[in-house]
Every structure is written in C-alpha cells, then in structure tokens.
Amino acid sequence: MSVVIQIKAATAQAINTLYDVSILPNDVLVNDTKPEFEGDYTVVLFSFIKQLKQSPEKLGNDIGNYLLQNQPALISGFNIIKGFLNLSVTNIFWKDFLHTQYNQPSYVTQQPNSHKVMIEYASPNTNKPLHLGHLRNIFLGWSMSEIFKATGNEVVKTCIANDRGIHICKSMVCWQLFANGATPESTGTKGDHFVGDYYVLFGKELKKQVEELTANGMSKEQAEKEAPIMKAAQKMLRDWEAGVPEVMDLWKMMNSWVYAGFDVTYKRIGCDFDKVYYESETYILGKQLVEAGLQKGVFYKKDDGSVWIDLTGDGLDEKIVQRNDGTAVYITQDIGLAVNKYDEFKCDDSIYVVGDEQNYHFKVLKLICQKLELPSAEGIFHLSYGMVELPTGRMKTREGTVVDADDIVDEMVNVARKKTEELGKVQDFEPDELLDLYDTIGIGALKFFLLRVDPKKRMIFNPEDSIDFHGFTAPFIQFTHARIKSILRRQQPKGSLISTDLLPLEKELIKLIEQYPNLLQEAAQDHDPSKVAIYCYNLAKTFSSFYTEHSITNAENEEKMELRLQLATLTAHVIKNGMNLLGINVPERM
RNA sequence: GGACCGGUAGCUCAGCUGGAUAGAGCAUCAGCCUUCUAAGCUGAGGGUCAUUGGUUCGAAUCCAAUCCGGUUCACCA
C-alpha cells in the first residue's frame, strides 16, 4: 500500500478517534511537501477546521502527536505552518521499501482484477498510407492497452478496417484507367503508397474534368457529379455492392496490397492487434438492430422509408440510422459492430480511440446503444484525441501537407543515426546492433513526442522541435537508463538492508519511485499516457541530478554505495517499465 | 445559430477532484568534463494564468458573462 494512502487512512483514523467524527481517508488531502519546508507529505487542514471548530495549530498538533504515537513505523516527525501539517516519513520506511522492492520485477505489475477492456485503434482507410494523425492514434491505443494490462486488466486490441465505400472505389477506378497493370512489385513501391498514389491521381483527374465541364458552362456542383471519372467510381460502388466478380477481385487485390504495406509500418513501429474487423463484413449487421429498435419504438420511420432516432430530448438532434433505400449509414454499422464485439469478447469496457471530430458521433452511438438497452452500452468510451497540426496549420491531402507515417519514422531514425555518430560513443557496436539502436532512439523520440501531451488537446507538430533529443524527450530518458546500466555492469547491489541516513536527493528519488503504482492507476483511470511520459521524464531528471551530485561506485562508504546501487537498480527498472508502457524501448548502452 | 473542446513564459506544454512564492523543455545568457556515459548538471533572465465579475480563510483551478481559436450539428465514412 502506498505511503499516501497510508497517510490518508492514518490521518482519517486520527481525526475520527480524537474528535469522534467519521472522516473518510479520501476526504484527507495529502500533497507533496514543498521543498522549502521540512517533511515529505503535507496534510491540508483547512477543510477540517470549520467542521471540527479547532484552530489549525491545535488540530495539527493533535493529529501529529497521534500519528507519532500510533504510526511509529510510518511517521517520524511533523511541523505545522499555517494550515498545513507537514509530515516526515521515517527513514526506516523508505529504506525498507527500497530494500524489499529494488530487486522485485513484480513491483511494477499489479494483480489481475478480472476486468476486461477492448481497445479499438488505428482504424485506417484502405485507400492511402498512414499519416502522422494515425501515428498519434496508434501510439495512444497501444499505450493505453499496455497501461490497462499493467494495472491488472485483460485487454483485447482491435482494429476496424474501413475497406469499403466510394473512397476505396476511387483508387480502384484510377488504377483500372491508368496503371496498365502495374503492381507494387513491378514498380518497387510499398503497397499502401502505391494505392494511395492512385487515390491522389483521382483527385487530380477529377479536378481536370470538372474544369473542362465548368468551362463549358456547367456549375461546379453539377460538374463534380457529372464528371466521367466520378460516374465511374459510383458505378464501381454499385458493382461492388452487387458483388460483380471482376470488381470484387480488383478490390481484394488492391486491399491486399494496402494491408501488406500497413503490416510493414505496423511492424516497424511495434503495433499489433488481437482482432481485426472489416467494415465490408460488419456494415450489414446493424440492420437487424434497426428492425429491433423500430419494434421497441426507439426508432421511427419517415414517410420516405428512412429510419431515424429523435435525440432532441437528450440535447442532440434527430439522427438518421438507415437510408430510405434500406442501406446502412455510418452509425448503423457501428451499432452492429458494438454488438458483434460484445458477443465475441464480452468486455466490460469498449474504448474507441478516434479523433475528436467524431465526439458527436460517439455521443450518439452510446445514446442509441443505451436506448436499445444493449449490454455493451455502458462500457462504451470514446478516447477522443486532438488533431495533429503543422506550424503552418492543418494537414491537407489536397495541398500535399500531410506528413506521411513512413517518412517521418525514417526521418527520425536518420536523425538518431546522425546524432549517435556525432557523439561517437558506440563505435564498438555490431552493424545490426547499431540499426536497432537508431530505431530505438528515433522511433522512441517520435512516440514520446506524440504521447507526452494530453490526448484531448490538439497538438502542433513542429519538425524541428520533435527532432530535438534534449530535455523532455525519449532520448534523454533512454540516456539516463543507459547510464545506470553502465554503472550496474561494473557493480551490483548485494541486497543488504541499509542503516545510513538518507540525503535529500536520495530520498527524493525513493519517494518518486514509490509513487509509481499510484501514477499508473491514475493514467489508466484518466485514459492518459502523457501522465506516464511526464513521470518517466521527472524520474530521469531526478536521477540525473542525484547522479551528478553523488558518486555511486565511489560513494563515501560501503553502505552508501549499497544504497545507491539499490536505488539505481530500481530507477532503471521503473524507467524501463514506464517507457515500455509507452511502447518505447530503452537501450543498455547508447 | 446550437452543442462540445481549448486560451498559462518568445515557442511547445505541465499544473485544473480549490491550498503555501504558478512549473518544465526549447530558445537566450553565465558556469561545470584528468574520477560512475556532458543526449548531462547548476544558475540567470523571461508571467495581468484571455478579459470582467462572483463564490471563500484561500482561485490558474469552481460558477457566470464576454472576447479569441478549433471541432461538430451530412441519406460521407
């Protein structure tokens, strides 16, 4: 049990015993003590002085003395400043914690809690390659999965492939018209980029045709509908839905190219799924639920035959759930998918990692599922994240300002290589060790950059900042880990219990490490990997100060050396674990 | 227009279940490598926490209004 929780419990007990009231541990506010005061943790008394009608001094003294008497293993001293009760935790506690945990891999893994969580992420369209926005999505989804696992949950990672619709047909049409049978193999192009090129070509071709038509007096709107290439795409969509064999074959072939390309990228960035759903297989599922909803009176039919739900009572609008021709819309298939997922995996929670432009959509989805009384409804959670923008503004496909995922990964790895070569510290590495190291650093830096900010906020991706390897970055944390490992290679702790006093930096480090399990709970609860990223950075920074100030292998005496070796071991362990939860590796040397 | 999200140092961001003098990184400036990896450490400068009012012992944090930016309100997905 963490110190903070113990202090809360002990303080609540103290107040309840002393004043005959019933305060809950969670009513006790405990903060880190500010460095300029003596103590480790501070109980804020203000909230109690009114209720208990005591002066802060009296109250603080009573609680402090009670804790000294009744919690001698935990509390060694106290002082009161204004309404703040500063408590010192005993050195025994810290040293015992260090001694028992420094060598325990289990320190960072928590007991299974029989809670099952499904996380859907990535969810790409199969007509173009992944971009920077997908990377934020994927890193978030992956990291949340790991954080949930680390806090004892069972996790199922899923992906929905958006593999059908007019946008897919566009690249298919263009390939038919212009490719002359070219393939990724014949051109030496990665499959997703190959198909993406035809999608881009469609846009260009359409623009050309629209210009021609408008020059002949047609309105722009009209021209976009009448352009031959658009008509071809629409026909292809109809053929696809009718299952015309040639179209299906083409669709399957081009999709397989895209998937092969995605797989390369997924593997490179260390991303995988337990289960992939395909929209082409799930889009029909929702229709049965529409029927059921009609009978329940949740939905209603308009005169033209389209089916709607009225959400004005919930502060939203009327929303269509099925077209008048009986085909499914976006939300229909999501209702079906929600049921499908639940039937297959029976997860308590179902998390969708999807951009915040779809906040409204997921609000509606959850509401509909609730009204249909689906068992999966309450567990639906939209992990909404903000858009990634460039300093010049939003990324736009048409303006060619999209940052391609493969390109940015390559660039980061390249910079990692250059910087590593400049520093010249790993000249004895084997060639493939070096390649691993460049990947670890470059991809680590990218992941950290995208995960270190609150997911909800939209973020600016400045290529220059993101390529910085100093300060609040993965390479700095990785470097700290490598430094520790370098020490531990020459000297290992023996495992003895230390009796020496703790210096401020030593205690700061233990204190921070002791907070780690709580931090993970918080990150899981808030669906926020940035908390882990910030924590890892603070830990590395605290260690670096400690490292500069105090020698480990040349410590003042044997006991100090043992203490610091244990501290270093545990620090490295927690850094590695925390970074792994972000999907980032830490090297032994760099 | 309705709904939702955001506005904190020159830039990028923490802090937001109310607590002590608002913190990091980058950038700028000044120091520190014959001893454990300088991708590091120490220090300096830099703030009307968008604005105004309210709630109270106490507000960057909660409430209201206003201003600014974004997203969304499709028989697209």
Side-chain angles (χ1 to χ4, degrees), chain A residues 26 29 31 33-34 36-37 42 44-47 49-50 56 81-84 86 123 125 162 164-168 279 283 302 304-308 315-325 327-331 333-334 355-361 363-364 384 386-387 389 391 394 416 419-420 422-423 425-426 441 445 449 452-454 456-462 464-466 468-480 482-491 530-531 533-534 537-538 540-541 544-555 561 564 568 589-590:
Chain A
N26 271 336
L29 180 60
N31 293 335
T33 302
K34 300 259 169 196
E36 57 269 33
F37 302 110
T42 297
V44 181
L45 300 172
F46 291 105
S47 50
I49 55 181
K50 219 178 226 173
I81 294 167
K82 295 198 254 172
F84 300 98
N86 300 324
S123 311
N125 290 338
N162 299 308
R164 62 169 279 276
I166 188 83
H167 52 295
I168 308 296
E279 202 184 292
Y283 80 108
K302 285 199 178 175
D304 66 353
S306 57
V307 181
W308 295 72
L316 305 179
D317 308 282
E318 291 186 346
K319 191 84 188 168
I320 188 159
V321 293
Q322 189 170 294
R323 295 189 186 100
N324 59 10
D325 61 2
T327 56
V329 293
Y330 181 40
I331 195 108
Q333 65 202 28
D334 264 352
D356 62 5
E357 70 271 17
Q358 295 199 41
N359 285 355
Y360 181 78
H361 172 78
K363 219 180 199 173
V364 170
S384 158
M387 207 173 318
E389 288 179 14
R394 227 175 135 165
K419 301 234 174 183
T420 307
E422 275 167 27
L423 290 168
K425 289 191 284 196
V426 288
I441 296 172
F449 187 85
R452 69 182 195 179
V453 307
D454 185 338
K456 288 194 295 293
K457 292 197 175 176
R458 85 196 141 91
M459 67 181 297
I460 309 230
F461 183 87
N462 185 331
E464 272 130 53
D465 282 359
S466 58
D468 198 343
F469 287 0
H470 301 271
F472 185 24
T473 65
F476 164 59
I477 300 166
Q478 291 168 323
F479 171 70
T480 307
R483 260 177 160 181
I484 297 174
K485 286 297 179 171
S486 159
I487 295 167
L488 295 175
R489 272 193 295 275
R490 62 170 73 189
Q491 193 76 257
S530 76
K531 295 218 151 69
I534 292 165
Y537 171 67
N538 284 332
K541 197 170 158 52
S544 290
S545 299
F546 160 80
Y547 171 96
T548 321
E549 194 68 28
H550 306 297
S551 178
I552 295 172
T553 52
N554 280 322
M561 181 166 85
R564 289 174 193 166
R589 294 175 54 199
M590 68 184 276

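Residue numbers start from 1 in every chain, and the chains themselves are labelled A, B, ... in the order their sequence lines are given, proteins ahead of strands. Values reported hereafter were calculated over all heavy atoms of this structure, with side chains retained and with hydrogens, waters and symmetry mates removed.
- Across all strands, A:S384 comes closer than 4.0 Å to no nucleic acid atom at all (heavy-atom distances).
- Counting heavy atoms from C-beta outward, A:V44 and A:F84 have side chains that approach closer than 4.5 Å.
- Looking at A:F449 and A:T473, their side chains never come closer than 4.5 Å, going by heavy atoms from C-beta outward.
- Of the C1' atoms belonging to B:rA14 and B:rU55, the separation is 27 Å, rounded to the nearest Å.
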Check nucleotides 55-59 of chain B for protein N or O atoms closer than 3.5 Å to its own N or O atoms and list the pairs.
residue : atom : partner : partner atom : Å
B:rC57  : OP1  : A:K50   : NZ           : 3.2

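- Dashed line: the shortest gap from a side-chain N or O of A:S486 to OP1 or OP2 of B:rU37 is under 4.0 Å.
- Using cut-offs of 30° and 60° for the angle between ring planes, the A:H361 and A:Y330 rings count as parallel.
- The separation of B:rU17 from B:rU72, taken at their C1' atoms, amounts to 29 Å, rounded to a whole angstrom.
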Assess whether salt bridge (charged side-chain N to carboxylate O under 4.0 Å, His left out) is satisfied between A:D304 and A:K302, documenting all intermediate values.
CA-CA 5 Å; A:D304 66 353; A:K302 285 199 178 175; over 6 Å; no
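- In this structure, B:rC33 shows a glycosidic angle within 90 degrees of zero, which is the syn conformation.
- For a distance-only test at 3.5 Å, the side chain of A:N538 fails to qualify as a donor-acceptor partner of the base of B:rA14.
- Closest approach to the A:I460 side chain among B:rG19, B:rA3, B:rC13 is made by B:rC13 (side chain taken as heavy atoms from C-beta onward).
- Closest to the side chain of A:Y537, out of B:rG19, B:rA24, B:rA14, is B:rA24.
- Residue contacts shown for A:R589 include a base, since a base heavy atom lies under 4.0 Å away.
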Once each nucleotide of nucleotides 69-77 of chain B is scored for protein heavy atoms under 4.0 Å, what B/S/- sequence comes out, 5' to 3'?
SSSSS-BSB
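- Note on A:N26: nothing from the nucleic acid sits closer than 4.0 angstrom, heavy atoms only.
- Under the 6.0 Å distance and 45° angle rule, A:R452 does not count as a cation-pi partner of A:Y537.
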Under 3.5 Å, which protein N or O atoms sit close to an N or O of nucleotides 39-42 of chain B? Give each pair with its distance.
residue : atom : partner : partner atom : Å
B:rA39  : OP1  : A:K425  : NZ           : 2.4
B:rA39  : O3'  : A:H470  : ND1          : 3.3
B:rA39  : N6   : A:T420  : OG1          : 3.3
B:rG40  : OP1  : A:G471  : N            : 3.1
B:rG40  : OP2  : A:H470  : ND1          : 2.5
B:rG40  : O2'  : A:R483  : NH1          : 3.1
B:rG40  : O2'  : A:R483  : NH2          : 3.3
B:rC41  : O4'  : A:T548  : OG1          : 3.4
B:rU42  : OP1  : A:S545  : OG           : 2.9

